[in-house]
Amino acid sequence: MLPYGQRTDALMTLEAAFLMYDADADDTNKASNQERKAAKREQPELDDAELPAIVDDRPRVKVAGRVVLARDNGKLIWLNLRDHSRDVFQIAVSKRDCDEQGFALAKKLDLGDIVIAEGPLTKTNTGEVTCWADSLVPASKCLVPPPEKHAGLTDTEQRYRQRYLDMWVNPETTRVFMLRSKLMQTLRRVLDGQGFVEVDTPVLQTQAGGAAARPFFTHMNALGIDLSLRIAPELYLKRLLVGGMPRVYEVSRNFRNEGLDKSHNPEFTSLELYQAFGNYETMREIAEGLIREMALLASEDSDGDAAKMPFGDLEIDYASDFARVTYRELFKDALGFEIDDLDRARDEATKRGFKTKSEDGTPIADIFIVNELFEEVAEAKIDPSKPTFVLDYPAALSPLTRPKADTMNDPIPLAERWDLFIGGMEIGPAYTELNDPDIQEAKFREQLAGVDDEESTFRNFDEDFINALKVGMPPAGGLGLGIDRLVMLMSNSRTIRDVLPFPMMRPVGNS
RNA sequence: AGGAGCGUAGCUCAAUCGGUAGAGCAUCGGCCUUUUAAGCCGCAGGUUCAGGGUUCGAGUCCCUGCGCUCCUACCA
């Protein structure tokens, strides 16, 4: 086994090595070899020292990689190496030119082994840049039989459960995770450049707030209390605004004890961001700017075009201005009548077979009827290939949002909130945040009153948050973006499991 | 949670109406100094997801369980 340390210091990536190929040096070397051979043929009586010298200025490389393919021709063995920078890099190990241990190793190799090769760069007869190894040493042994070399590993279950295998067999998998990292860098760079400060707020909370979702619970021994894992960082970030931080964001791992499907994992990542003296309009500018930057990076990464980013059958345009439509307009276009026309809304819902009464027979509130129609009928009208902001949601659906003053007396008052839809997915909302402690308290209590027994076990009244608002929170804009879903869009991944290195899986062998 | 589908060698897949479980790759042995999924010769490899049932006979049909996939539902 190779000792770690100095012997690996000079290693370069396969891509860096590949780019070092020097055609002139290679040609000169080949020519001088021919010259020497010819001289030997014509004058066999000459000593080696009298023959023309071999000129060899070919760049030498020292690389490490996993052996993904090996072709043993007897006294010449071809290896294809792979690393994070390059899928295929060819090594030739010949009995004549490689040292004895290196050649012996090449004979004994298994697919999946990691080796370190050293030698000059040349081109083969078929024109492939190749390291003509003069040394080959083992770096790591692969004891597991490799997946089929052409068809690869396609079994989705095994790909998710044994991601380490998936990653070396399917380099595309690794590329998605690397793109994800670059997208996060972009996001942080843009936000930091705008004066936003990244913070970390508690994951373990005595009461999970900031969203309506079932939390996970755990127990803390030292204090003898039950805790829940956060479902959203919102209420803590707002406390920081109260404390005087003007612009904060958190890349937040959230935990929701709900279902799994192709756009939901029980733990997922969101970006939440708050800007003092901002509003939902400034949030719109920030969101659009961020997503466009991400799309530019992702399109460059894949030699694509940010105006035509593939996502399944779609081509999504991130380069043009995002579309904007109000909740009211979208509703009217899709349904043919105004959201305030509550009688027609109720008729329409009945006609479409939606629930208009709850289990115990009491009629469902008008606003929920309207929103049901909106979500089922109007949302489907949004062009999935155009990122679209839907603006001005009904205030009753947005308890943490400042209402729009000029709609306060309408049948359905509106609030300064938008939702962003891309590729048929909801990417996130933004709000002009409510900062009136009295209204906030009333809305909290209203919400709590409406919950059933089961829900009440995890819905609490956050007294301290109201207290924070009483101290005074500056008017602010708040934004939440689903990072996993954005990475799906940017990497053309159809399921959230493809953008998570280790998605939630049912344990094997458990009943 | 409901519906549909799938589960066969390490991997990718076959197996007719219910009638001896097979191939390619990988492994193992042999040959081969410009290959590209290298090629040639040979060997070996199986609790057909698990358990039960029907049958002379089950990979195949039936039931139960487990796991995965897709669709639907749920999801601020």
Side-chain angles (χ1 to χ4, degrees), chain A residues 30 67-80 87-98 103 106-112 122-130 132 142-162 165-166 169-170 209-215 231-232 234 254 256-266 268 270 272 355 367-368 371 374-376 393-394 396-401 415 417-419 425-426 428-431 443 447 455 459 478 480 482 494-497 503-511:
Chain A
K30 279 174 178 156
V67 179
V68 290
L69 221 50
R71 296 176 294 280
D72 183 348
N73 282 24
K75 296 195 179 68
L76 176 63
I77 301 161
W78 303 92
L79 304 177
N80 287 356
D87 296 348
V88 176
F89 183 79
Q90 183 165 271
I91 307 284
V93 185
S94 86
K95 190 172 173 62
R96 185 185 57 219
D97 298 315
C98 190
F103 185 75
K107 276 285 177 195
K108 295 292 289 179
L109 274 179
D110 286 317
L111 295 186
T122 186
K123 256 189 188 172
T124 62
N125 294 348
T126 51
E128 181 163 352
V129 172
T130 298
W132 203 271
C142 176
L143 299 173
V144 173
E148 210 272 342
K149 64 188 179 190
H150 184 55
L153 185 66
T154 58
D155 182 69
T156 42
E157 180 180 355
Q158 197 176 349
R159 285 185 51 227
Y160 296 139
R161 288 192 191 279
Q162 298 184 39
L165 255 189
D166 178 33
V169 174
N170 301 314
R214 304 175 64 89
I231 54 176
E234 170 160 353
N254 305 315
R256 297 188 181 177
N257 205 343
E258 288 165 359
L260 295 88
D261 64 30
K262 63 178 193 285
S263 61
H264 294 84
N265 195 65
F268 66 99
S270 69
E272 279 206 20
K355 262 193 353 190
I367 185 57
F368 294 118
N371 197 48
F374 180 83
E375 287 184 353
E376 295 299 321
Y393 274 65
L397 301 172
S398 314
L400 300 172
T401 311
R417 162 189 170 185
W418 54 252
D419 262 27
M425 288 189 293
E426 189 184 349
Y431 313 88
K443 296 217 176 193
Q447 264 199 320
E455 278 197 356
R459 291 275 172 85
R494 298 168 321 290
T495 94
I496 196 168
R497 291 182 155 190
M504 178 62 66
M505 299 289 284
R506 192 184 299 272
V508 283
N510 267 14
S511 53

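Proteins come first, then strands; the chains are lettered A, B, ... in the order of their sequence lines, and each starts at number 1.
A sub-4.0 Å separation between OP1 or OP2 of B:rC68 and a side-chain N or O of A:Arg161 is present. In this structure, A:Lys75 does not reach the B:rU34 phosphate: none of its side-chain N or O atoms is under 4.0 Å from OP1 or OP2. OP1 and OP2 of B:rU35 both lie 4.0 Å or more from every side-chain N or O belonging to A:Arg71. Checking the phosphate oxygens (OP1, OP2) of B:rU69, no side-chain nitrogen or oxygen of A:Thr156 falls inside 4.0 Å. For B:rA37, the OP1/OP2 oxygens have no side-chain nitrogen or oxygen of A:Lys149 closer than 4.0 Å. Between A:Arg497 and B:rU69, a side-chain N or O to OP1/OP2 separation shorter than 4.0 Å is present.
Across all strands shown, B:rG67 is found opposite B:rC6 as a Watson-Crick or G-U wobble partner, with both distances under 3.5 Å. Across all strands shown, B:rA26 forms no Watson-Crick or G-U wobble pair with both key distances under 3.5 Å. In this structure B:rA15 sits in no base pair that meets the Watson-Crick or G-U test at under 3.5 Å. Checking B:rU20 for Watson-Crick or G-U wobble geometry (two distances, each under 3.5 Å) identifies no partner in any strand. Base pairing analysis places B:rA1 opposite B:rU72; the two distances defining the Watson-Crick or G-U wobble pair are each below 3.5 Å.
Of all nucleotides listed (B:rU12, B:rA38, B:rU69), B:rU69 comes nearest to the side chain of A:Tyr160. In this structure, of B:rA38, B:rU35, B:rG10, it is B:rU35 that holds the atom nearest to the side chain of A:Glu128. The side chain of A:Glu426 lies closest to B:rA76 when the candidates are B:rC70, B:rU35, B:rA76. When distances run from any side-chain atom of A:Gln158 to the nucleotides B:rA38, B:rC70, B:rC11, the shortest one goes to B:rC11.
Going from the C1' atom of B:rC66 to that of B:rG24 covers 30 Å, rounded to whole Å. Across the C1' atoms, B:rA14 and B:rG59 are found 12 Å apart, a figure rounded to whole Å. Comparing B:rC28 with B:rA9, their C1' atoms sit 15 Å apart, to the nearest whole Å. Separating the C1' atom of B:rC13 from that of B:rC6 is a span of 14 Å, rounded to the nearest Å. Taking the C1' atoms as reference points, B:rC43 lies 24 Å from B:rU47, given to the whole Å. Taking the P atoms as reference points, B:rA58 lies 11 Å from B:rA21, given to the whole Å. Remark: the separation of the C1' atoms in B:rA76 and B:rG3 is 28 Å, to the nearest Å. Using C1' as the reference atom, B:rC62 and B:rA26 are 38 Å apart when rounded to the nearest Å.
For the pair A:Pro147 and A:Glu376, both in contact range of RNA chain B, the more 5′-proximal nearest nucleotide belongs to A:Pro147. Closest-nucleotide positions on RNA chain B for A:Lys108 and A:Leu111 were compared, and the one nearer the 5' end corresponds to A:Leu111.
Between the A:Asp155 side chain and the A:Gln158 main chain, a donor and an acceptor come within less than 3.5 Å of each other. A side-chain donor-acceptor contact under 3.5 Å links A:Asn170 to the backbone of A:Leu153. The backbone N or O of A:Thr401 lies less than 3.5 Å from no partner atom in the side chain of A:Ser398, so there is not a single donor-acceptor pair. Checked by atom type and distance alone, the side chain of A:Thr495 pairs as donor or acceptor with a backbone atom of A:Arg497 at under 3.5 Å. No side-chain donor-acceptor contact under 3.5 Å links A:Arg417 to the backbone of A:Tyr431.
At a threshold of 4.0 angstrom between heavy atoms, the contacts of A:Asp419 with the nucleic acid are absent. No contact: A:Ile77 has no heavy atom under 4.0 Å from any strand. Among the protein residues, A:Ser398 comes within range of no part of the nucleic acid, since none of its heavy atoms lies under 4.0 Å from any strand. Nucleic acid contact class of A:Gly480 (heavy atoms, under 4.0 Å, all strands): none.
Following rounding to the nearest Å, A:Met504 (CE) and B:rC68 (P) show an atom-to-atom distance of 12 Å. Atom CG of A:Asp72 and atom P of B:rA37 are 17 Å apart (whole Å). The nearest whole Å value for the distance from the CG atom in A:Asp110 to the P atom in B:rC11 is 17 Å. For A:Asn80 and B:rA26, the CG to P distance is 13 Å, given to the nearest whole Å. Counting to the nearest Å, the P atom of B:rA1 and the CG atom of A:Leu260 are 11 Å from each other. The distance from atom CZ of A:Arg214 to atom P of B:rA1 is 13 Å, rounded to the nearest whole Å. The CD atom of A:Glu157 sits 14 Å away from the P atom of B:rC49 (whole-angstrom rounding). Atom CG in A:Leu153 sits roughly 17 Å away from atom P in B:rA26 (whole-Å rounding).
Using a 3.5 Å distance cut-off with no hydrogens or angles, the side chains of A:Glu375 and A:Asn371 do pair a donor with an acceptor.
Taking only distance into account, the side chain of A:Thr124 meets the base of B:rU35 through a donor-acceptor pair shorter than 3.5 Å. In the interface, the side chain of A:Asp261 is paired with the base of B:rC74 through a donor and an acceptor atom under 3.5 Å apart.
For A:Lys443, the NZ atom is densely surrounded, since the number of other residues' heavy atoms within 6.0 Å is greater than 12. Heavy-atom neighbours of A:Lys30 NZ from other residues, nucleotides or ligands within 6.0 Å: above the threshold of 12.
A heavy atom lying under 4.0 Å from RNA chain B marks the following residues of residues 88-96 of chain A, by number: A:Gln90, A:Arg96.
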Stepwise side chain to side chain contact (heavy atoms under 4.5 Å, CB included) test for A:Trp132 and A:Val93
CA-CA 6 Å; A:Trp132 203 271; A:Val93 185; over 6 Å; no
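Base orientation of B:rC17: syn, since the glycosidic angle falls within 90° of 0.
Going from atom CZ of A:Phe268 over to atom CZ of A:Arg256 covers 4.0 Å, rounded to the nearest 0.5 Å.
Contact between A:Pro394 and A:Ile367 at its shortest, heavy atoms only, is CB-CD1, 3.2 Å.
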